Structure formats: C-alpha cells, structure tokens
Amino acid sequence: MEIKGGKCVVFSAPSGAGKTTIVHRLIEKIPSLSFSISACSREARPNEKNGVDYYFLSIDEFKSKIKNNEFIEWEEVYLNNFYGTLSYEIEKIWNENQNVIFDVDVVGGINLKKYFGKKALSIFVKPPSIKILEERLRARKTESEEKIKIRIQKATDEMRRAKEFDYILENNDLNLAVKEIQEVVLKFLASK
Ligand code: 5GP
C-alpha cells in the first residue's frame with residue numbers, strides 16, 4: 001500500500017477513554033503519522049515535556065496567539081485551560097510529506113473535521129461505560145477529585161456527540177481496539 005502525506009486522522013474521546021494510548025500505539029505502528037503538538041495553558045504534568053506533549057504557554061501567550069490568528073481551532077476545554085491546534089504545526093508536518101494525527105477534545109474533533117473535510121478521518125473513542133471511565137480517571141492519579149467530577153460531567157455530554165464522527169471505536173480491549181483502528185486508518189491513508 002502506498003501512503004502519501006497531506007491527510008489527517010483526528011482522535012477525540014471523553015477524557016480517560018484511552019485515546020492518548022491508542023494514538024501513541026498508532027504512531028509506533030504507522031511511520032507516516034506525525035503527532036500534532038497542541039498548545040495549551042495548563043501546567044505540565046511531571047512526565048510531560050514542553051515541545052513534545054504540548055507547547056505549554058501562559059494564558060496571556062495563548063490569548064495573543066488567538067489574536068494573531070495562529071490557531072486552526074482552539075477551545076477553553078476546562079476553565080482557564082485553553083488548548084489549540086497551531087496552523088504552523090500542520091504546515092510543518094505536511095511539508096515533511098507526513099500525515100497528521102490529532103488528540104483533541106470532542107468539540108475540537110468536530111471542528112477539525114469541518115475544517116479539513118475529506119482530507120480528515122475523525123474517530124470517536126468510546127469507553128465501555130461512564131463508570132469504567134471514572135475508574136480509569138481515578139487510577140491515573142493525575143487529577144483531583146473535583147477535577148474528576150468535572151471531567152465525568154463533560155464526558156456524559158460528549159458521549160451524545162459520537163455520531164457526528166466518521167468512525168466510532170469501542171475501547172473495551174485496548175489491543176483489539178488498536179488492531180481494528182490500525183486497519184481503518186491504513187485504508188484511509190492509502191485512499192485517493
Ligand atoms: P489533557 O489535559 O488531559 O492533556 O487534555 C484535556 C483534553 O484536551 C483532552 O481531551 C485532549 O485531547 C484535549 N486537547 C488537547 N489538545 C487539544 C487541541 O489542540 N484542541 C482541542 N480542542 N482539544 C485539545
């Protein structure tokens with residue numbers, strides 16, 4: 001199969017659905033995929049690096065980039081936590097003849113699909129249930145109890161928007177989910 005650059009694959013899901021793990025696995029398996037590093041205004045977690053996981057910006061820096069039209073899309077995903085896709089980042093990846101893989105929230109995913117149209121494949125990662133989602137968020141131990149509650153409320157609303165995506169991937173078993181979506185993504189990248 002010949003895979004050229006210039007396309008994008010967008011992964012969205014409620015927080016804790018396993019989307020980031022799936023995205024990392026796909027990057028290992030499909031070398032023509034490059035991760036779109038988003039900008040965000042939250043603090044880096046201990047295991048995260050600036051310019052690798054995100055471009056970590058202050059709220060003021062983020063707002064000035066909004067003003068300068070540097071984003072394809074941006075969202076205040078949580079109060080005072082801004083996240084956005086930089087146009088520059090996508091140009092850079094496409095110039096290297098690579099395809100872009102995104103890890104964004106549900107509204108961001110819908111907006112990116114609208115923006116890129118047929119060049120994009122949008123995938124919604126569906127957790128087995130909200131209860132399991134809550135357990136996964138707790139096990140991750142990166143968020144406070146209050147933040148977990150906020151993420152669960154948001155997840156409940158986001159589940160209703162799954163049908164607006166090109167593909168719904170049920171993540172009941174991580175290895176099976178990766179195998180399933182790898183085939184779908186390869187087919188999309190090879191299509192004209
Ligand atoms: P986290 O704080 O857990 O890294 O990310 C919170 C949420 O923001 C996740 O759903 C993540 O996918 C999303 N996110 C990350 N980057 C972007 C972006 O550039 N745009 C949008 N809309 N959401 C993003």
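Every number for a ligand or one of its atoms is a count from 1 in the order of the listing. It should be emphasised that the depicted structure is a prediction, and the values quoted were computed from it without experimental measurement.
- The nearest protein atom to atom 19 (O) of ligand 1, hydrogens excluded, is given as S38 OG, 2.7 Å; this is a heavy-atom distance.
- Using a 4.5 Å cut-off on side-chain heavy atoms (C-beta onward), S12 and R161 make no contact.
- Close approach to E75 involves these atoms of ligand 1, each under 4.0 Å from a residue heavy atom: 22 (N).
- When non-hydrogen atoms are compared, ligand 1 lies under 4.0 Å from neither the backbone nor the side chain of E158.
- Taking 4.0 Å as the cut-off between side-chain N and carboxylate O, R42 and E48 count as a salt-bridged pair.
- Contact annotation: for R45 versus ligand 1, heavy atoms closer than 4.0 Å belong to the side chain alone.
- A salt bridge does not link E158 to K126: none of the charged nitrogens lies less than 4.0 Å from a carboxylate oxygen.
- Of all the atoms in ligand 1, the ones that sit under 4.0 Å from a non-hydrogen atom of K19 are 9 (C), 10 (O), 11 (C), 12 (O).
- Scanning all protein heavy atoms for the shortest distance to atom 7 (C) of ligand 1 gives V77 CG1, 4.0 Å.
- Of the polar atoms of R151, at least one N or O is found under 3.5 Å from an N or O of ligand 1, judged by distance alone.
- Residue, atom and distance of the protein heavy atom nearest to atom 2 (O) of ligand 1 are Y83 OH, 2.5 Å.
- You'll find the side chain of E70 stays beyond 4.5 Å of the side chain of S87, heavy atoms only.
- Heavy-atom proximity to R42, at under 4.0 Å, picks out these atoms of ligand 1: 1 (P), 2 (O), 4 (O).
- If you number the atoms of ligand 1 from 1 as listed, the ones under 4.0 Å from a heavy atom of E73 come out as 18 (C), 19 (O), 20 (N), 21 (C), 22 (N).
- The shortest N or O to N or O distance between G84 and ligand 1 is under 3.5 Å.
- In this structure, K119 forms a cation-pi arrangement with W94, its terminal cationic atom sitting closer than 6.0 Å to the ring centre and no more than 45° off the ring axis.
- Taking the six-membered ring where tryptophan is involved, the planes of Y83 and Y78 are perpendicular, since the angle between them exceeds 60° and thus also 30°.
- When heavy-atom distances to ligand 1 are checked against a 4.0 Å cut-off, Y54 comes that close only through its side chain, counted from C-beta outward.
- Aromatic ring centroids of F188 and Y167 lie 6.0 Å or more apart.
- A salt bridge links K149 to E145: at least one charged side-chain nitrogen sits closer than 4.0 Å to a carboxylate oxygen.
- Taking atom 13 (C) of ligand 1 as the reference point, the nearest protein heavy-atom neighbour is D105 N, 3.5 Å.
- Salt-bridge check for E61 with K65: failed, with every basic side-chain N at 4.0 Å or more from each acidic carboxylate O.
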